[in-house]
Amino acid sequence: MQFSRFILPCLICGILLSANNAMAQDVGKSTPIVLLQGLDRTTARTSSFEVARNKSVFFGRLEIYMRYCKKSEPTEVPDNTAFLEIYEYPLTRRGIIAQSLREAELKDIAENVGEQERLSRKLKREKFIIEEYGAEILQEAFEPTRVFSGWMVSSSPPLNPLEHPVYDVWVSSCLQK
């Protein structure tokens, strides 16, 4: 009788510990998706958007890449930390065209369009732009400007913010979809 009184609590503790370890395995590791919030100061609108690891998403003229996102350990203060790279397309004719071409390319990828069809669509878009603006518009030297590269922490957005006159971006959480 006394033996079972000792064994039963030990078994229950063992089961609970193994369940906690299984749940905690995801915590502390990089998650595949980060949930971001963004503010466009010109329109005063906030948006929520998800970015998958090593993928990008557009927010206004910004292209945002997430490289790493981590939740804090269960024994620590709840927090989410993400490493982001943010590029800005300039508000020039070439910048707007480059951004629209990149957005269309990302849309084709998201729709799982085949490589040959994607190339065909890209050539059609470029042909339209050449007819509309002239061939020199595609030959101009152009690269988007990196405006941020670093860690953002959800519990303390002012710690390492994106310093931009129009856009504000901050981390909400790391997701495990």
Practice problem: Go through Ile64 and Ile86 one step at a time and tell me if the side chain to side chain contact (heavy atoms under 4.5 Å, CB included) criterion holds. | Solution: CA-CA 5 Å; Ile64 303 167; Ile86 303 176; 4.1 Å; yes
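- Contact check for Ile129 versus Glu132: no side-chain heavy atoms found under the 4.5 Å cut-off.
- Judged by distance alone, the side chain of Ser72 and the main-chain N or O of Val77 form a donor-acceptor pair under 3.5 Å.
- Evaluation of the side-chain hydrogen bond (donor to acceptor under 3.5 Å, both in side chains) rule for Gln99 yields Glu103 as partners, not counting sequence neighbours.
- Val166 meets the side-chain contact (heavy atoms from CB on, under 4.5 Å) test with Asp40, Thr42, His164; sequence neighbours excluded.
- Counting only heavy atoms from C-beta outward, the side chains of Phe83 and Met66 never approach each other to under 4.5 Å.
- Under the 3.5 Å distance criterion, with hydrogens and angles disregarded, a donor-acceptor pair is assigned to the side chains of Gln37 and Ser48.
- Think of Ile96 as one node in a network of Ile, Leu, Val, Met, Phe, Trp and Tyr side chains linked at under 4.5 Å; its network also takes in Leu91.
- With a 6.0 Å radius and a threshold of 12 heavy atoms from other residues, nucleotides or ligands, Gln116 has its CD atom at or below the threshold.
- A heavy-atom distance below 4.5 Å is not found between the side chains of Cys69 and Thr81.
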Cut-off 3.5 Å, no hydrogens considered: what does the side-chain donor-acceptor table look like for residues 153-162, sequence neighbours left out?
unit_1	atom_1	unit_2	atom_2	d
Ser154	OG	Asp79	OD1	2.9
Ser154	OG	Asn80	N	3.0
Ser154	OG	Asn80	O	3.4
Ser155	OG	Asp79	OD1	3.2
Ser155	OG	Asp79	OD2	2.9
Asn160	ND2	Trp151	O	2.8

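- Leu123 and Leu101 end up in different hydrophobic clusters when Ile, Leu, Val, Met, Phe, Trp and Tyr side chains are linked at under 4.5 Å.
- Trp170 belongs to a hydrophobic cluster whose remaining members, ordered by chain and number, are Leu39; membership requires side-chain heavy atoms of ILVMFWY residues under 4.5 Å apart, directly or through intermediates.
- Atom CD of Glu163 and atom CG of Asp168 lie 10.0 Å apart (nearest 0.5 Å).
- The pair Arg121-Glu111 meets the salt-bridge criterion, with a side-chain N (NZ, NE, NH1 or NH2) lying under 4.0 Å from an Asp/Glu carboxylate O.
- The aromatic rings of Tyr65 and Tyr87 sit perpendicular to each other, their planes meeting at more than 60°, with 30° as the lower class boundary.
- A chain of hydrophobic side-chain contacts below 4.5 Å, direct or via other Ile, Leu, Val, Met, Phe, Trp or Tyr residues, connects Met152 to Leu62.
- A salt bridge links Glu85 to Arg67: one of the charged nitrogens lies within less than 4.0 Å of a carboxylate oxygen.
- A continuous path of Ile, Leu, Val, Met, Phe, Trp and Tyr side chains, each step under 4.5 Å between heavy atoms, connects Phe49 with Leu84, placing both in one hydrophobic cluster.
- Electrostatic pairing of Glu63 and Arg102 counts as a salt bridge here, judged by a charged N lying under 4.0 Å from a carboxylate O.
- Between the CD1 atom of Ile33 and the CD atom of Gln176 there is a distance of 8.5 Å, given to the nearest 0.5 Å.
- Linking ILVMFWY residues whenever their side-chain heavy atoms come closer than 4.5 Å, directly or via other members, places Phe148 and Val57 in the same cluster.
- Interatomic distance, CG of Leu119 versus NZ of Lys124, reported as 11.0 Å (0.5 Å rounding).
- For the atom pair CZ (Arg61) and OG1 (Thr145), the distance works out to 10.0 Å, reported to the nearest 0.5 Å.
- Here Ser56 contributes atom OG and Glu105 contributes atom CD; the two are 9.0 Å apart, rounded to the nearest 0.5 Å.
- Cluster membership check: Val51 shares its hydrophobic cluster with Val169, using side-chain heavy-atom separations under 4.5 Å among Ile, Leu, Val, Met, Phe, Trp and Tyr.
- Sequence neighbours left out, not one pair with a member in residues 145-159 passes salt bridge (Lys or Arg N to Asp or Glu O under 4.0 Å).
- Distance check, rounded to the nearest 0.5 Å: OH of Tyr89 to CZ of Arg94 gives 9.5 Å.
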